[in-house]
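Only this structure's heavy atoms are used, side chains among them; waters, hydrogens and symmetry mates stay out. Every chain is numbered from 1, with letters handed out A, B, ... down the list of sequences.
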There are 2 protein chains.
Amino acid sequence: MDFSELKSVCCGCTIRELCLPAGLTDQEVLLLDQHMSHRQPVKKGESLYRTGDAFKSLYAVSTGFFKTSILHEDGRTQVTGFQMAGEILGLDAISADRHVCDAVALEDSVVCEVPFDRFEELGQLMTNLQRRFNRTLSREIVRDQGVMLLLGSMRSEERLAAFLVNLAKRFSARKQSSSELVLRMTREDIGSYLGLKLETVSRLLSRFHDEGLLAVRGRNIQILNADGLNRLVGVA
Amino acid sequence: MDFSELKSVCCGCTIRELCLPAGLTDQEVLLLDQHMSHRQPVKKGESLYRTGDAFKSLYAVSTGFFKTSILHEDGRTQVTGFQMAGEILGLDAISADRHVCDAVALEDSVVCEVPFDRFEELGQLMTNLQRRFNRTLSREIVRDQGVMLLLGSMRSEERLAAFLVNLAKRFSARKQSSSELVLRMTREDIGSYLGLKLETVSRLLSRFHDEGLLAVRGRNIQILNADGLNRLVGVA
DNA sequence: ACAATTTTTTGATCTTTATCAAAAAAGCCT
DNA sequence: AGGCTTTTTTGATAAAGATCAAAAAATTGT
């Protein structure tokens, strides 16, 4: 079986690009694909899973855009991340066999469902897969610690610049324009993620616009001065 | 071989209590112990590893207390966590085969070194161990997201209360007093972890003292009103 | 396409936390 | 033990970001 065929099957069209199996042999990808992945659409605004749901599967974002957020008892919520094609949802649920955050689609999306018990079995058979997965988990830890740095030590303008630079980098890694960003989330979502109020986010975007760093038209944002943004983040 | 013997060997004295192998059979613990763990003292103020160091091993804290921190290009640092007996150091390094934070002993400590390549091999042989480890990694993700909530949505007094409540809980899980805390870190370390300045931490401790929540004598802190603290955190 | 809702922008003001400064306390070294 | 360094406390002031408010713009449902 060659890969022109695989491309048309279930998740075959995307699974090769996903973080999860990157670095596997063709045979391994095939196995993963045949045995486990199940394509599933999620409409804009729908939850893929909610806090407290039993943990059955990981989800690889095939196309679309998600946000994850955790809830505090008193009703406050904190957006913990935004996920795009190729990124994995549900890693935090392995810990206690329950989801501990909500995952909501910010646009019509498609995910690859990967039943975790079967995935674990396969990991026992395929050393390569297991090693990849350890790294995937560890990479998420590193990402989270980066957010801790952002929230704990950066000023508001630095946080927003870091956010935009990060988004641009991820779009660019997916062969999309890294200067023309179409934000899928509200100012409030951005604010929650960055530990700021939506008004502050709005004001900062206006300021960046006035300073010639960005062209802001609602959720369409064009990066006009990437160096300037990077300088704000402190990566001089 | 019975376990009275095991207790005297290398890491045997502590490894059974560690998060890493919890839930393993005696035989499995024995294997882990014999093949992999290597006890190593770390003096107060010394680094167990530094950012950029090649990743060889994970470390389980046997006794003592550590802090981990990441560095920003411009010299700022962010304390990302404090680790005590039974907790694992180095999980973030799996991602890129390099340590991405510094781990410093805050008191004379002993760690169990676990060479990661051997650990991975063993994980392939012992399904149980591998599953445990996946959970350990996931639990760290959940912990980090809790810190994101703290930094992104809580006010200074809530952050400090959450910090103290968390410390108390962890001490208590180790059969130490949960009301008499001896802090191993400076006010500056606490501030960095909580995204506050050391003066703010000091002022808050004084205020909690005045309000009868705590008795503060330098780094000796007694929790006088645990309910009050919990109420501040929002766990009413 | 239009009314209703949600999101975004902007202004005025207030609150929280940071900054600067200096003294007091604690810890460390020999 | 005593001098030296580091840490902690506390006060006065400043700055960053939050809050409140209202209009403008964008999105959604029918």
Colleague: Strictly below 4.0 Å: does A/Ser206 bring a side-chain N or O up to OP1 or OP2 of C/dT10?
Modeller: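 For C/dT10, OP1/OP2 do have a side-chain N/O of A/Ser206 under 4.0 Å.
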Colleague: Pair B/Thr63, B/Glu107 - check side-chain contact (heavy atoms from CB on, under 4.5 Å), show working.
Modeller: CA-CA 9 Å; B/Thr63 62; B/Glu107 63 182 3; over 6 Å; no
Colleague: Should the pair A/Arg155-A/Glu157 be classified as a salt bridge under the 4.0 Å nitrogen-to-oxygen rule?
Modeller: yes
Colleague: In whole angstrom, give the distance that lies between atom NE2 of B/His209 and atom C1' of D/dT10.
Modeller: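 Rounded to whole Å, this separation is 14 Å.
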Colleague: Could you state the atom-to-atom distance from CG of A/Leu183 to P of C/dT7 in whole Å?
Modeller: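 In whole Å, C/dT7 P lies 14 Å from A/Leu183 CG.
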Colleague: If you measure from the Lys or Arg side-chain nitrogens to the Asp or Glu carboxylate oxygens, is any gap between A/Glu87 and A/Arg143 under 4.0 Å?
Modeller: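 Salt bridge between A/Glu87 and A/Arg143, a charged N being under 4.0 Å from a carboxylate O: no.
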Colleague: How close or far is atom C1' of D/dG17 from atom CG of A/Leu151, stated in whole angstroms?
Modeller: 15 Å
Colleague: Measure CG/A/Leu106 against C1'/C/dT7 and give the value in whole Å, please.
Modeller: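 So the two atoms are 14 Å apart, to the nearest Å.
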Colleague: Just verifying a value: how many Å separate A/Glu140 CD and A/Leu91 CG, rounded to the nearest 0.5 Å?
Modeller: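 Here the rounded value is 6.0 Å.
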Colleague: Mind calculating the distance between CE (A/Met185) and P (C/dT7) to the nearest angstrom?
Modeller: 14 Å
Colleague: Quick one: sort the A/His99 and A/Tyr49 rings into parallel, tilted or perpendicular, breaks at 30° and 60°.
Modeller: parallel
Colleague: Of B/Ile70, B/Val79, B/Thr51, B/Thr77, which is the lone residue that meets side chain to side chain contact (heavy atoms under 4.5 Å, CB included) with B/Asp102?
Modeller: B/Thr51
Colleague: Base, backbone or nothing for each nucleotide of nucleotides 13-19 of chain C, written B, S, -, heavy atoms under 4.0 angstrom, 5' to 3'?
Modeller: ----SSB
Colleague: D/dT6 C1' sits how many Å from B/Leu198 CG, rounded?
Modeller: 11 Å
Colleague: So A/Thr186, base contact, sugar-phosphate only, or nothing? Heavy-atom distance under 4.0 Å.
Modeller: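 Result for A/Thr186 = sugar-phosphate.
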Colleague: Which pair of non-hydrogen atoms, one from A/Ser62 and one from A/Ala85, has the smallest distance, and what is that distance?
Modeller: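 Closest approach of A/Ser62 to A/Ala85, heavy atoms only: O-CB, 3.4 Å.
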Colleague: Can you build the contact string for nucleotides 23-30 of chain D? Use B for base contact, S for sugar-phosphate-only contact, and - for no protein heavy atom under 4.0 Å.
Modeller: -----S--
Colleague: For the atom pair CG (B/Leu205) and CD1 (B/Ile190), what is the distance rounded to the nearest 0.5 Å?
Modeller: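 These two atoms lie 6.5 Å from each other.
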Colleague: Round to the nearest Å and state the distance from A/Arg207 atom CZ to C/dG11 atom P.
Modeller: 14 Å
Colleague: In whole Å, I'd like the distance from the CG atom of A/Asp189 to the C1' atom of C/dT6.
Modeller: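 From A/Asp189 CG to C/dT6 C1': 13 Å.
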Colleague: With a sphere of 6.0 Å drawn around CD of B/Gln40, does it hold more than 12 non-hydrogen atoms of other residues, nucleotides or ligands?
Modeller: yes
